[in-house]
Amino acid sequence: MIARKAPARPLAKFPGSLLLVGAGKMGSAMLDGWLARGLNPKKIMVIEPQPSKAIKALTRRGLTLNPKGKVAPAGAIVIAVKPQSAPEAVPPLAPFVGKTTLTLSIMAGRTLAFLQASLSAEAAIVRAMPNTPAAIGRGITVAVPNAKVSARQRKLATDLLAAIGAVEWVSDERLMDAVTAVSGSGPAYVFLLAETMTKAGIAAGLPPELAARLARETVAGSGELLHRSDLDAATLRQNVTSPGGTTAAALEVLMGSGGFDELLTKAIAAATRRGRELAG
Ligand SMILES: NC(=O)c1ccc[n+]([C@@H]2O[C@H](COP(=O)([O-])OP(=O)(O)OC[C@H]3O[C@@H](n4cnc5c(N)ncnc54)[C@H](OP(=O)(O)O)[C@@H]3O)[C@@H](O)[C@H]2O)c1
């Protein structure tokens, strides 16, 4: 088992100011994580048309909300608006982009080329795809840099993204459609598993509330076990399966023709194709 480490404070010495654009679900989760990791609210600017009470309260600790007047380049800009808001939200950020500014976007489907065209051809940009467990600091984000991103900026992007969970890097942006299909959309597949287990439990005779609780805790507990264990998923599965037993009977169905493997492979291929279509 892996022991959980105490949160570090890698952002305590963050260089310059950090501009967060869009403080909705994802942006707010990131902001909470940055504060927990030592970022001084005085260094943070937030552009958000409908700020939460928590963000308004942070202005008393020095956070700047919806900055006005003369603009200076930021140390980093994090773009967390919906992709459809990008044409209106991104071009006005150009004055915040200086020679050493890192721009980090978590907008689904908005490419590095789009961001460069909207900001500057010289801008150092990281495109990233998080997922919803980010809300509890347990997401996984995959990031891809453009050619202008330095080693220092890559480290900075990792520190900013680590505030909402694990971080992986790829160098080929075309992989982002498959990433979106696996980890971006992935939480929906896991929630569907819990829903389906509930329905199947009811069909097998369990009271609905008990079926829902068994499904929920089984998915959550197994996820946590997988998270903490050094063993891979296949080994953990085999550890629950005795030959000729009940689990084996279920797995024969799930792993047989038309089963889980086939369905998920098809589902992830469909999501990957849709990602490509949406990117145009
Ligand atoms: N949620 C996910 O599972 C997930 C996973 C991966 C990636 N992402 C990406 O994360 C991004 C944010 O998603 P979310 O779920 O956090 O969305 P969200 O809750 O809707 O947050 C977006 C925020 O941006 C604000 N906004 C809109 N226009 C703006 C502008 N011009 N300038 C500044 N702020 C503006 C919105 O305000 P209003 O409400 O007033 O419009 C809203 O508060 C999206 O691009 C999404 O693709 C999300």
Using atom types as modelled, flag every donor-acceptor pair under 3.5 Å from a side chain in residues 22-36 to any protein atom, sequence neighbours excluded.
unit_1	atom_1	unit_2	atom_2	d
Ser28	OG	Ala23	O	3.1
Ser28	OG	Gly24	O	2.8
Trp34	NE1	Leu160	O	3.0

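- For Pro92, there are no side-chain contact (heavy atoms from CB on, under 4.5 Å) partners at least two apart in sequence or on another chain.
- Residues in residues 98-121 take part in these side chain to side chain donor-acceptor pair (under 3.5 Å) pairs, two or more places apart or across chains: Gln116-Asn146.
- When atom types are taken as modelled, the side chain of Ser242 and the backbone of Gly245 share no donor-acceptor pair closer than 3.5 angstrom.
- In terms of modelled atom types and a separation under 3.5 Å, the side chain of Asn131 and the main chain of Ile140 share a donor-acceptor contact.
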| Between Met197 and Val219, is a side chain to side chain contact (heavy atoms under 4.5 Å, CB included) present by the stated rule, with each step listed? | CA-CA 9 Å; Met197 278 174 72; Val219 170; 4.2 Å; yes
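- Membership of the apolar cluster around Leu206 extends to Leu210, Leu214, as traced through chained side-chain contacts below 4.5 Å between ILVMFWY residues.
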| Between Glu209 and Arg213, does a salt bridge (Lys or Arg N to Asp or Glu O under 4.0 Å) hold up when you go through it step by step? | CA-CA 6 Å; Glu209 266 181 33; Arg213 181 156 167 77; over 6 Å; no
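- When the side chains of ILVMFWY residues are joined at heavy-atom separations under 4.5 Å, either directly or via intervening members, Met45 and Val90 end up in a single hydrophobic cluster.
- Shown here are the side chain to side chain donor-acceptor pair (under 3.5 Å) partners of Thr235, two or more places apart in sequence or in another chain: Asp232.
- Of all heavy-atom pairs spanning Met107 and Leu115, the tightest one is CE-CD2, 3.8 Å.
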Please output the side-chain donor-acceptor pairs of residues 60-87 that fall under 3.5 Å, not counting sequence neighbours, one pair per line with the distance.
unit_1	atom_1	unit_2	atom_2	d
Asn66	OD1	Glu48	N	2.8
Asn66	ND2	Glu48	O	3.1
Lys68	NZ	Asn66	O	3.4

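- One finds no salt bridge joining Arg273 and Glu277 here, because no Lys/Arg side-chain nitrogen approaches an Asp/Glu carboxylate oxygen to under 4.0 Å.
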